[in-house]
Amino acid sequence: MIEPPEGLPVTPRTGRFLVLAGVFICAACGLVYELELVALASYLIGDSVTQASVVLSVMVFAMGIGSLLAKRLRRRAAAGFGLVEAALALVGGCSALVLYAAFAWAGDRGEMWASSSRYLFVAFSFAIGVLIGAEVPLLMVLIQRVRRQDASGAVADLFAADYVGALVGGLAFPFLLLPWFGQLTGALLTGAVNVLAGGALVFGLFGRDLSGRGRWILILANVTVLAVLASAAVLVDDFERAARRAVYGSDIRVAVQTGVQEVVLTGGDRESLHLFVDGRLRVSGRDERRYHQALVQPAMRGGPHARVLILGGGDGLAAREVLRHSGVRRVDVVELDPGVVKLARTDPALSELNGHVYRDRRVHVTHADAFRWLRGPHERRRPYDVVLADLPDPGITASTKLYSQEFYGLLARVLTDDGRFAVHAGPVVTRAHTYWTVDATLRAAGFVTTPYRTTGRHDVFAAGPDRTADGTAKPRDWGFVLAARAPEQLTAAAVSAVLRSGSRAAERVRPASGAGLAPSTLVHPRYAD
């Protein structure tokens with residue numbers, strides 16, 4: 001019978017298994033913290049590619065720093081590991097709460113978050129990375145304490161358990177924690193698992209290595225962390241409601257996580273109604289009509305319009321403008337999120353704003369990603385006279401494929417020879433590069449284009465930095481591009497007449513600003529948030 005090593009309560013085989021199990025759990029928790037930061041930063045700041053790059057680069061750099069700092073703790077590896085896990089559980093578990101609080105209360109609707117408070121996000125990435133980096137050197141000492149073996153074998157064992165744990169944590173975040181518990185509670189729960197696993201490993205296996213003072217310090221640290229995490233979990237619902245009121249105002253009527261995105265509806269009439277999607281204001285009842293008329297009317301008045309395809313637009317407001325035209329026989333809406341369509345059907349204020357369009361038998365809804373839908377079989381489908389792209393802004397990373405040359409090439413397959421296509425391309429003045437890239441991409445896909453925009457003071461999409469200190473909307477234009485396959489569909493005289501009759505706030509934009517820009521493709525997206 002193999003005797004336990006001196007000071008250990010178990011055999012070397014059992015001790016090695018317990019250490020590797022601790023590595024597995026801690027690695028899973030560490031990756032959850034990392035993914036939590038990426039998801040939260042993408043939601044609060046935007047541009048998921050940039051935010052993921054910041055998290056990964058800062059965290060990997062910090063892990064190197066943490067590994068160097070851990071060298072000083074090797075003589076007290078058990079106590080050091082226990083304190084590192086307690087600190088990691090506290091920082092990682094509370095990170096989502098603190099970052100969301102900064103977004104909600106720092107500045108006017110996130111105005112400060114958009115600038116100086118970004119450093120808080122970087123600080124959390126660095127702190128978590130340092131603590132994760134300190135784990136492996138200390139665990140290396142502990143596993144050698146259980147059973148002496150060559151360094152290469154110990155490293156192989158540790159990294160195998162670490163990588164498998166990372167796999168489990170990476171899968172648990174999107175499929176378990178996020179849908180079942182949400183970002184805030186999910187992070188707190190992960191922190192609790194982290195501190196319990198670290199404490200159990202240290203006290204259960206290496207308790208005799210702790211001095212009397214070290215034992216009490218570690219007990220106090222673990223109990224304090226658990227108390228903080230438990231208190232935060234009890235209060236998380238109240239915190240979330242208060243933070244939502246700080247972000248969206250006090251008149252929130254609907255706040256749902258649909259499985260695709262977070263949808264928040266505020267206000268109860270045309271003047272006060274606002275629809276937010278993932279923290280971004282998508283619809284303001286005060287002047288949404290100006291935006292949707294500018295998107296819809298030029299394409300509808302440019303020729304035949306019996307069959308119309310709307311990509312996005314689940315709120316029904318673009319469909320409302322389409323149905324104002326006589327001769328419309330069918331309107332197909334391809335919307336990714338069923339939750340938005342459900343709100344547009346059932347919410348009293350939103351359904352009144354869209355004219356109850358979903359009661360009209362001519363309107364048909366398909367829940368699908370627009371890109372995938374366009375790639376599907378079209379042999380049995382009749383082409384459309386008008387296609388309208390009422391999609392999220394091209395500067396959002398997840399939307400760039402919907403403004404790519406490949407996407408427009410697929411769209412051309414469902415358009416009649418004399419059909420027209422209109423797309424919202426972002427503001428002309430404040431994001432000129434993005435706007436003219438949309439125009440260049442359409443032309444590269446074989447379309448003839450006419451850029452135009454609305455002018456004046458608007459509220460749609462005006463939130464955060466787009467508001468002045470007193471909360472009023474800054475002047476902002478909405479840019480659009482009208483496109484067709486044949487030049488005769490977009491003659492200068494015809495387009496001018498369309499714009500005069502379609503939207504009194506619309507005007508053509510001189511295309512010289514976009515000269516020389518390269519088109520955006522799937523492998524080389526050229527939009528940035």
Rounded at 0.5 Å granularity, tell me how far [atom1] in [X] sits from [atom2] in [Y].
| X | Y | atom1 | atom2 | value |
| --- | --- | --- | --- | --- |
| His274 | Tyr248 | NE2 | OH | 13.0 Å |
| Ser95 | Gln183 | OG | CD | 10.0 Å |
| Thr450 | Leu482 | OG1 | CG | 6.0 Å |
| Leu235 | Leu184 | CG | CG | 12.0 Å |
| Arg330 | Asp360 | CZ | CG | 12.0 Å |
| Thr454 | Asp287 | OG1 | CG | 9.0 Å |

Practice problem: Would you mind telling me which of Val254, Val256, Val340, Ile252 makes a side chain to side chain contact (heavy atoms under 4.5 Å, CB included) with Leu265? | Solution: Val254
My understanding is that only residues two or more places apart in sequence, or in another chain, count here; which of them pass side-chain hydrogen bond (donor to acceptor under 3.5 Å, both in side chains) with [X]?
| X | value |
| --- | --- |
| Thr521 | none |
| Asp347 | Arg253 |
| Ser53 | none |
| Thr185 | none |

Spell out, as yes or no, whether a donor-acceptor pair under 3.5 Å connects the side chain of [X] to the backbone of [Y].
| X | Y | answer |
| --- | --- | --- |
| Ser272 | Gly267 | no |
| Asp439 | Tyr435 | no |
| Glu406 | Leu522 | yes |
| Asp385 | Gly303 | no |
| Thr441 | Ser520 | yes |
| Arg362 | Val328 | yes |
| Ser404 | Thr400 | no |
| Arg431 | Val429 | no |

[X] vs [Y] side-chain heavy atoms within contact, under 4.5 Å:
| X | Y | value |
| --- | --- | --- |
| Val263 | Phe276 | no |
| Met59 | Ile128 | yes |
| Leu295 | Arg290 | no |
| Val438 | Val423 | yes |
| Thr258 | Lys342 | no |

Self-check item: Charged N-O contact under 4.0 Å between Asp369 and Lys401
Solution: yes
Practice problem: Please assess Leu388 against His424 for the test side chain to side chain contact (heavy atoms under 4.5 Å, CB included), listing each intermediate value before the final yes or no. | Solution: CA-CA 9 Å; Leu388 304 168; His424 166 244; over 6 Å; no
Let me have the donor-acceptor pairs involving side chains of residues 306-323, under 3.5 Å, with sequence neighbours excluded, atom names and distances please.
| from | atom 1 | to | atom 2 | distance (Å) |
| --- | --- | --- | --- | --- |
| Arg307 | NE | Pro383 | O | 3.2 |
| Arg307 | NH2 | Arg382 | O | 3.1 |
| Asp315 | OD1 | Leu317 | N | 3.0 |
| Arg320 | NH1 | Glu288 | OE2 | 2.8 |
| Arg320 | NH1 | Leu353 | O | 2.9 |
| Arg320 | NH2 | Glu288 | OE1 | 3.1 |
| Arg320 | NH2 | Glu288 | OE2 | 3.2 |
| Glu321 | OE1 | Gln297 | NE2 | 3.2 |
| Glu321 | OE1 | Arg324 | NE | 3.4 |
| Glu321 | OE2 | Arg289 | NH1 | 3.4 |
| Glu321 | OE2 | Arg324 | NE | 3.3 |

Quiz item: What pairs with Asp337 under salt bridge (Lys or Arg N to Asp or Glu O under 4.0 Å), at least two apart in sequence or on another chain?
Solution: none
Exercise. With sequence neighbours excluded, tell me which residues meet salt bridge (Lys or Arg N to Asp or Glu O under 4.0 Å) with Asp251.
Key: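 Partners of Asp251 under the salt bridge (Lys or Arg N to Asp or Glu O under 4.0 Å) test: none.
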Quiz item: Mind checking whether Phe480 and Tyr291 have parallel, tilted or perpendicular rings, split at 30° and 60°?
Solution: tilted
Exercise. Please test His433 against Tyr527 for ring pair (Phe, Tyr, Trp, His ring centres under 6.0 Å), starting from the C-alpha separation and ending with a verdict.
Key: CA-CA 8 Å; His433 181 273; Tyr527 306 107; 8.1 Å; no
Quiz item: When you look at CD of Gln257, are more than 12 heavy atoms from neighbouring residues, nucleotides or ligands closer to it than 6.0 Å?
Solution: yes
Practice problem: Flag yes if more than 12 heavy atoms outside Phe371 fall under 6.0 Å of its CZ atom; otherwise flag no. | Solution: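 Yes, because the 6.0 Å sphere around CZ of Phe371 holds more than 12 heavy atoms from other groups.
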Quiz prompt | Qualifying ring-ring contact (aromatic ring centres under 6.0 Å, His included) pairs, either residue in residues 327-366, two or more places apart | solution =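 Matches after skipping sequence neighbours: none remain.
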Quiz item: Could you give all pairs that pass the ring-ring contact (aromatic ring centres under 6.0 Å, His included) test and reach residues 301-330, with sequence neighbours left out?
Solution: His305-His325
Distance-only donor-acceptor hits, side chain of residues 237-244, under 3.5 Å, sequence neighbours excluded:
| from | atom 1 | to | atom 2 | distance (Å) |
| --- | --- | --- | --- | --- |
| Asp238 | OD1 | Arg241 | NH2 | 2.3 |
| Glu240 | OE2 | Arg244 | NH2 | 3.2 |
| Arg244 | NE | Glu262 | OE2 | 3.4 |
| Arg244 | NH2 | Glu262 | OE2 | 2.9 |

Exercise. Evaluate ring pair (Phe, Tyr, Trp, His ring centres under 6.0 Å) for Tyr33 paired with Phe173, printing each intermediate quantity in order.
Key: CA-CA 9 Å; Tyr33 300 141; Phe173 177 72; over 10 Å; no
Self-check item: Those residues that, when tested against Leu171, pass side chain to side chain contact (heavy atoms under 4.5 Å, CB included) (two or more places apart)
Solution: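 So Leu171 forms a side chain to side chain contact (heavy atoms under 4.5 Å, CB included) with Leu167, Phe175.
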Exercise. Not counting sequence neighbours, which residues clear side chain to side chain contact (heavy atoms under 4.5 Å, CB included) with Leu177? List them please.
Key: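 Side chain to side chain contact (heavy atoms under 4.5 Å, CB included) check on Leu177 returns Val32, Phe181, Leu189, Thr190.
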Exercise. List the steps, then state whether side chain to side chain contact (heavy atoms under 4.5 Å, CB included) holds for Leu411 with Phe447.
Key: CA-CA 11 Å; Leu411 189 144; Phe447 287 97; 4.1 Å; yes
Exercise. Before giving the answer on side chain to side chain contact (heavy atoms under 4.5 Å, CB included), spell out for Phe103 and Leu99 the whole-Å C-alpha distance, their side-chain angles and the decisive distance to 0.1 Å.
Key: CA-CA 6 Å; Phe103 171 75; Leu99 292 169; over 6 Å; no
Self-check item: Asp393 and Tyr403 side chains, donor-acceptor separation under 3.5 Å
Solution: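 No pair is found: no donor N or O on one side chain lies under 3.5 Å from an acceptor on the other.
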Practice problem: Please step through side chain to side chain contact (heavy atoms under 4.5 Å, CB included) for the pair Arg375 and Leu410, ending with a clear verdict. | Solution: CA-CA 7 Å; Arg375 288 193 72 188; Leu410 293 172; 3.3 Å; yes
Quiz prompt | Aromatic ring proximity Phe421/Tyr408, centre distance under 6.0 Å | solution =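 For Phe421 and Tyr408, the ring centres are under 6.0 Å apart.
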